[in-house]
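Heads up: the structure comes next, in structure tokens.
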Amino acid sequence: MTLVGVAVGAALAIVAVFIPWLPDAASEQADIIDSVYWVVTIICVVVFAVVAGVSAYAVYKFRAPPGDMDDGSPIHGNTGLEITWTLIPAILVTGIAVYSGVALAQSEEFPPDRRTIEVTAQQFAWTFTYPNIEVEGGRPLTTGELVVEINKTIRFQITSKDVIHSFWVPQWRMKQDAVNGIFTQTTVTPTQPGTFPIICTELCGLGHALMRSQARVLSRADFDAWVEEQKRLAREGGSIQGKELFTQQCASCHVLADAGTQGEVGPNLDEALQGVDADFILQSIVDPSAEIAAGYQDGVMPANFGEMFTDPQLDGLVEYLLEATGGGAQ
Ligand code: CUA
């Protein structure tokens with residue numbers, strides 16, 4: 001039994017050590033959470049090995065010989081054993097609860113100089129607002145892609161315009177529900193540069209699987225340059241920025257060949273925008289209830305794009321849609 005145990009243990013150890021089970025850890029909080037994860041996993045593995053080992057041994061050792069039809073011996077409990085197998089799990093579970101509570105409190109800590117970013121979820125897109133960065137017309141900077149500085153703690157204020165969504169960047173580990181009517185919070189300190197996926201992890205409707213965005217972690221200098229570029233774009237608009245806006249905000253609901261998007265929640269724009277003019281497109285974006293495409297319902301398309309984006313940004317989006325669907329001859 002010892003030999004079998006050692007062989008199986010060695011095989012499992014190879015599987016455990018050589019497969020990268022978790023995504024890269026790219027935030028300070030990820031290290032804390034991974035520690036909890038592995039401590040709990042190791043405790044579970046040990047408990048499982050002991051229980052399964054003793055069970056397998058008992059089944060083999062005390063099995064009835066062939067043809068033995070006797071009743072088993074009349075055993076009635078074992079107080080010492082029962083106290084032991086109640087006490088050990090109780091201590092383990094209490095220990096894990098305390099350890100997790102401490103880790104949770106640590107991962108939610110934030111310094112006074114953190115950056116606040118508002119995250120707004122809606123079917124089926126993410127919007128990020130930087131309340132302390134002003135663009136054209138005194139509006140806060142609003143984007144569909146999350147861009148942050150490395151090693152700067154961010155306090156996310158998360159909410160939803162409709163149903164419950166959930167904000168998650170796997171490499172940062174922190175995950176938080178987006179709930180209509182309240183703000184939930186989470187804290188992240190990115191420690192690695194790069195681009196990471198933002199995933200909605202709460203089933204929220206037809207476009208749930210496509211409700212993705214991305215988080216880009218930049219150096220301080222690159223972040224400042226990005227902010228300046230966003231200010232310029234909010235001032236000037238243009239169809240190149242229109243395309244970017246489209247990919248970030250509209251992709252999960254609309255098909256548009258030029259942008260390579262495949263959402264099927266709303267009308268296929270390659271077809272729906274044939275022969276329409278700029279005024280119709282702008283109205284469809286800022287006041288979607290004004291005219292509903294046949295076969296679609298009112299109230300599905302978000303009605304707040306007009307508030308979220310500056311006029312030059314909206315004009316850029318319209319310009320892009322005209323170009324992409326072969327209109328814009330005027
Ligand atoms: Cu939003 Cu799933």
Side-chain angles (χ1 to χ4, degrees), residues 22-23 26-27 29-30 33 107-108 116-131 140-148 154-188 190 195-217 244-256 259-269 284-286 288-289 292-293 295-309 317:
L22 299 177
S27 76
Q29 291 74 15
I33 291 183
S107 60
E108 287 289 342
T116 300
I117 298 178
E118 291 166 13
V119 179
T120 307
Q122 61 187 315
Q123 292 168 318
F124 297 97
W126 297 101
T127 314
F128 305 96
T129 306
Y130 298 70
L141 172 60
T142 299
T143 62
E145 172 196 50
L146 177 62
V147 178
V148 297
I154 316 148
R155 185 75 172 154
F156 289 105
Q157 306 275 351
I158 304 168
T159 191
S160 166
K161 295 237 172 255
D162 39 52
V163 301
I164 300 177
H165 305 264
S166 186
F167 173 77
W168 188 42
V169 175
Q171 287 79 0
W172 291 347
R173 302 294 190 272
M174 303 301 280
K175 186 194 273 184
Q176 183 61 272
D177 277 1
V179 183
N180 183 239
I182 61 169
F183 279 96
T184 51
Q185 279 94 25
T186 194
T187 305
V188 172
T195 303
F196 307 101
I198 296 171
I199 299 173
C200 177
T201 58
E202 188 72 61
L203 184 59
C204 55
L206 273 180
H208 164 70
L210 295 174
M211 190 168 162
R212 304 267 175 133
S213 182
Q214 59 180 16
R216 272 199 296 143
V217 181
E244 198 174 294
L245 204 61
F246 182 87
T247 336
Q248 293 167 359
Q249 295 290 319
C250 319
S252 45
C253 294
H254 292 286
V255 170
L256 183 68
T261 63
Q262 282 149 26
E264 290 184 347
V265 177
N268 175 324
L269 298 182
S284 304
I285 295 169
V286 300
S289 298
I292 305 297
Y296 293 90
Q297 277 182 347
D298 190 12
V300 175
M301 164 116 171
N304 59 329
F305 287 123
E307 298 147 34
M308 274 161 39
F309 298 103
L317 181 55

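For this chain, numbers begin at 1 and follow the sequence in order. Start at 1 and go down the list; that is how both ligands and their atoms are numbered. The structure presented is a predicted model; accordingly, all values stated were derived computationally and were not measured.
Residue Q123: no N/O/S atom is found under 2.8 Å from atom 1 (Cu) of ligand 1.
Note: F196 and W172 have tilted aromatic rings, judged against thresholds of 30 and 60 degrees for the angle between ring planes.
Summary: ND1 is the N/O/S atom of H165 found nearest to atom 1 (Cu) of ligand 1. When atom 2 (Cu) of ligand 1 is compared with the N/O/S atoms of H208, atom ND1 turns out nearest. Between atom 2 (Cu) of ligand 1 and the N, O or S atoms of E202, the shortest distance is to O.
Counting heavy atoms of neighbouring residues, nucleotides and ligands inside a 6.0 Å radius, atom CD of E264 does not exceed 12 of them. At most 12 heavy atoms of other shown residues, nucleotides or ligands fall within 6.0 angstrom of atom CD in Q262.
Around atom 2 (Cu) of ligand 1, the two atoms SG of C204 and SG of C200 are separated by an angle of 120°, to 10 degrees.
Looking at heavy atoms from C-beta onward, Q214 lies out of side-chain contact with I198 at the 4.5 angstrom threshold.
Between the CD atom in E202 and the NE2 atom in H165 there is a gap of 9.5 Å [rounded to 0.5 Å].
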